[in-house]
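Notes to accompany the following structure.
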Amino acid sequence: MPREFLSIDPSQLPKHFDSKESERKWDKFWQANKIYEYETPDTRDQSFVIDTPPPTVSGSLHIGHVFSYTQTDIVARYQRMCGKKVFYPLGWDDNGLPTERRVQNYFHVRCDPKTPYQRDLKIEIPTKEQEKEHPRIVSRENFIELCHRVTQEDEKTFEELYRRIGLSIDWREVYATIDDRCRKISQLSFLDLFQKNHIYNLESPTMWDVDFQTAVAQAEVEDRQQGSAFHNIQFCIQNSKRTFVIATTRPELLPACIGVAAHPDDERYKELFGRQALTPLFRVPVPVFSTELADPEKGTGILMVCSFGDATDVQWWKEKKLNLRQIIGKNGRLLPVDFKSELWPSTTPEEAQKFYDQLAGKNVRQARSAIVELLRLPEASAAQDAKVPLQGEPQPLEHAVKFFEKGDRPLEFVTTRQWFVGLLKQKEALLKKGDEIKWFPDFMRSRYRNWTDNLQFDWCISRQRYFGVPIPVWYPIDEEGRTLYDKAILPESRQLPVDPMIHTPRNFSESQRDQPGGFCADPDVFDTWFTSSLTPMITAKWGLDDTRMKQLFPADIRPQAHEIIRTWAFYTIAKSLLHENSIPWKSALISGWILDPDRKKMSKSKGNAVTPIHLLDEYSSDAVRYWAGSARLGVDTAFDEQILKIGKRLTTKIYNASKFVLMQRSPAGPVTQNLDLSFLKALQQLVENATKSMEQFNYAQCLQDTEKFFWSNFTDTYIEIVKVRAKEGTEEQKISAIASLRLGLSVLLRLFAPHLPFVTEEVWAWAFAKEISEPSIHKSPWPSTKDFEALSLPTSSEEFENAAALYSVINKFKTTHNISIGAPVEFLKISASKEKIDAIASSLQDIFGATKLSRHEFQARPIEGFEVSAN
RNA sequence: GGGCAGUUAGCUCAGUUGGUAGAGCGCCACCCUUACAAGGUGGAUGUCAUAGGUUCGACCCCUAUACUGCCCACCA
């Protein structure tokens, strides 16, 4: 032990903690000293691996970007202090639609894959005049270049923010979901799934967004309430006088009608089953069939089946082997139709054609109003009574309609060829893997179960977009010019990443592209989740580095938000199952949402988002982290600037208390006094509880307990009580007080360090860093029994609690008599039980010193705590 | 319609296995006290959503109801 404790001269320190300066300084220091760089340990269990969510880089930051990331960082810092080698990477999610949309708006361009690539194409941000013109058309490759340009700028902004709030990320381990490694691993994933027969392509009706003109997966679909109307339309039975009225909200799909259905027990329609009905206007015969899915109470109890109004239509189409009369095109407009063809066997083809020609080319909304007018014409009737088909006026109703979550118009079912991952048959295995994972909070597990249980479709992974990972597939073209979709040509894994639009498959030459006897490229890209679902495998370099894979997979934790359990969590579990038959991570940490003061979810699109930078400037990173670290996992939190103020106050208090403790000069020595040891016993109990909380990822509990102890036990009580002794006591008493104050501070700083990395590092550097020659508090050991093992601590902290109680009672006496706490008191009579009076004996000198009490007299009375009076 | 949460002081939230209701903010009063006025000391404030039940005893366990939020389904 050195001869004197290392102390500071407070006059050399700034009066107030300069958070901005501290944030700059320590970020540089951590970087320079490689504090957060992952070092490979000998065994897997010495690592703590984090599967960090790749943020969508969107240019505009909001407070949500720091909330859950800070929570993860707190866990990372705790594990690092516990001696784990923390693997804490970060990915940028720049792949996908949000980026495409931003590029379109930012540069005022549109992508057309048929446009040739232009090398050195210069595109600048358009002027106001240029923005009024038509958007500039660019090739797919040029478009992708622009995507990179935009995302790189955004990534810089994000990195600055994440450094500013002190995320202890290993910045060497940064990836982008569109970079070479991610493209390669995504394509490897495709190859592996293909070889394992988990993947197939199929031409079938798929949910389709008519604006983005791409297929979408079940997970990207959301319901929205929409105003609509029931239209009652009269059909008739072919070669019969019998008529009936169906109710539909989609009259424009009448030409796509492929059947009529009612409930098998419905007496009104029983006799019709098995017969052919004629549609009005077009007079196309369609079969009438019975189905349990029809609800006799709804509408008129009998309905028309179209290709395709909704998912049940698709189901009936498959089950009843109905015709395919696709009239909605990929752009959402009605396709041309030939009523003389076999597919539309109209009994009056010429009239049908005339009617339809008034609809062709219109979008859904336009076609609907047009067909409603046509249905008001008597000549539209299919029945012999020639009644107007549209019976009465449409009756308005509200109902849920499926939308692509990013889309503006309802989804249509359009028949296209898409790639799928077979997940339906994996349900049981997926549920089992979900149960092997620990969920925090545990009830989030049921979100996963719920979704997995109700899965209805295999995963459609192909998207008709540009800025994404290309599907690594070519198809042969036979001599007649037909594309052989069932003979897909896949690249070899060492060729990856490939772009089949640019690269040529083996045994073919570029001149054979799109030629009979040649090949063609699959033009599609993957659903972004196809890549995102690989994050724990991307960081572990699956397929590229087997050693690293063993070290880093499965990860320890996956932090994420709850609304993407059905996407990110679900697909990641699916991928790990299919590729590795493993769980992807041991624990899932599900963060809550930030709500605005009106308790609405904060989001950019709602315009109620709070931007973080001015908060960091005003309150400091530590204060913002304090707010984020106060919120428990899975609990939605209203944004409250008050809490930032409290956080800032806490950092100030830590700074000042540290200054006080470390300015005490004293020879080095042991803790010997009972009160000091009793205080340290209380501290040791705090350490136990805090550690228990952190092990459960309950960082908020840890903070709350530590803060309470720090403020009430340490600064307001213990420091105040021993202050006088630290200055005026005997050498041994002084040393004990100061040694105990320093140990207390050292432990508390380390308990605070994961939450408040800047102020704790700042203070740590004054003395403790040199004493234990560990330059950063963030690599110093998390407090444990080791900190106390040299001391003979009492079995309880009762003595300290008694001293605190008596000290408080004397303060109360002063306050109620309007005396300053610092004012001396001549005499007090102290009442307490005999046991308490005996127990307090060794602390009395400190208490009387702290309260400036000159004389006292004890009175033993059977009361709960202490009481004092002036006579 | 199914599922998951939540409802505690004016506000934001804690409340361990059932044992007399907690913190911070805000409010009120007092105090410049040599680390800190960006502070300190003290005070007031609750039918723990409602109704039953179990129990010697319920914020806590059980049942039902109401309200709020979320996830899923409903789409003719």
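This one's a predicted model, so the numbers in the text were calculated from it and none came from an experiment. Per chain, numbering begins at 1; letters A, B, ... match sequence-line order.
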A:Asn811 CG to B:G43 C1', in whole Å, measures 15 Å
- Item | Side chains of A:Ser307 and A:Gln326, donor plus acceptor under 3.5 Å | no
| task | Answer with base, sugar-phosphate or nothing: what part of the nucleic acid does A:Asp295 contact at a heavy-atom distance below 4.0 Å? | result | base
Between A:Phe752 and A:Phe710, is the ring centroid distance below 6.0 Å? yes
message: What's A:Arg449 touching, base or sugar-phosphate or nothing? Going by heavy atoms closer than 4.0 Å.
response: nothing
Any side-chain N or O of A:Gln704 less than 4.0 Å from the OP1 or OP2 oxygen of B:U12? no
Q: Would you indicate what A:Ala700 reaches in the nucleic acid, counting non-hydrogen atoms under 4.0 angstrom: base, sugar-phosphate, or nothing?
A: nothing
Rounded to whole Å, the CG-P distance (A:Asp453 to B:C72) equals 14 Å
Of B:A14, B:G42, B:C75, the nucleotide closest to the side chain of A:Thr249 is B:C75
### Message
For a quick check of understanding: with a heavy-atom distance under 4.0 Å over all strands, which category does A:Glu222 fall into, base, sugar-phosphate or nothing?
### Response
nothing
Protein-proximity profile, nucleotides 21-40 of chain B, B/S/- by nucleotide at the 4.0 Å heavy-atom cutoff, equals ---SS----SS-B-BB-BSS
Are the ring centres of A:Trp627 and A:Phe639 closer than 6.0 Å? yes
For A:Phe660, does the six-membered ring have the charged nitrogen or CZ of A:Lys723 within the cation-pi criterion, i.e. under 6.0 angstrom from the centroid and within 45° of the normal? yes
Taking a pair to mean Watson-Crick or G-U wobble geometry with both distances below 3.5 Å, B:G6 pairs with B:C67
From the list A:Glu641, A:Lys645, A:Lys648, side chain to side chain donor-acceptor pair (under 3.5 Å) with A:Tyr619 holds only for A:Glu641
**Report entry** Ring centers of A:Phe413, A:Trp208 separated by less than 6.0 Å
**Finding:** no
Side-chain contact check for A:His562: nearest option of B:C70, B:G42, B:A73 is B:C70
*asked:* Would you measure the distance from the P atom in B:G1 across to the matching atom in B:U20 and give it in whole Å?
replied: 42 Å
Scanning all shown strands, the Watson-Crick or wobble mate of B:C13 with both distances under 3.5 Å is B:G22
Using Watson-Crick geometry (N1-N3 plus N6-O4 or O6-N4) or G-U wobble (N1-O2, O6-N3), each under 3.5 Å, B:G42 is paired with B:C28
Any donor-acceptor pair under 3.5 Å from A:Arg625 side chain to A:His755 backbone: yes
Pairing partner of B:C60, by Watson-Crick or G-U wobble and under 3.5 Å for both distances, is none
Can you tell me if A:Lys812 touches the phosphate of B:G43, counting only side-chain N or O atoms and a distance under 4.0 Å to OP1 or OP2?
yes
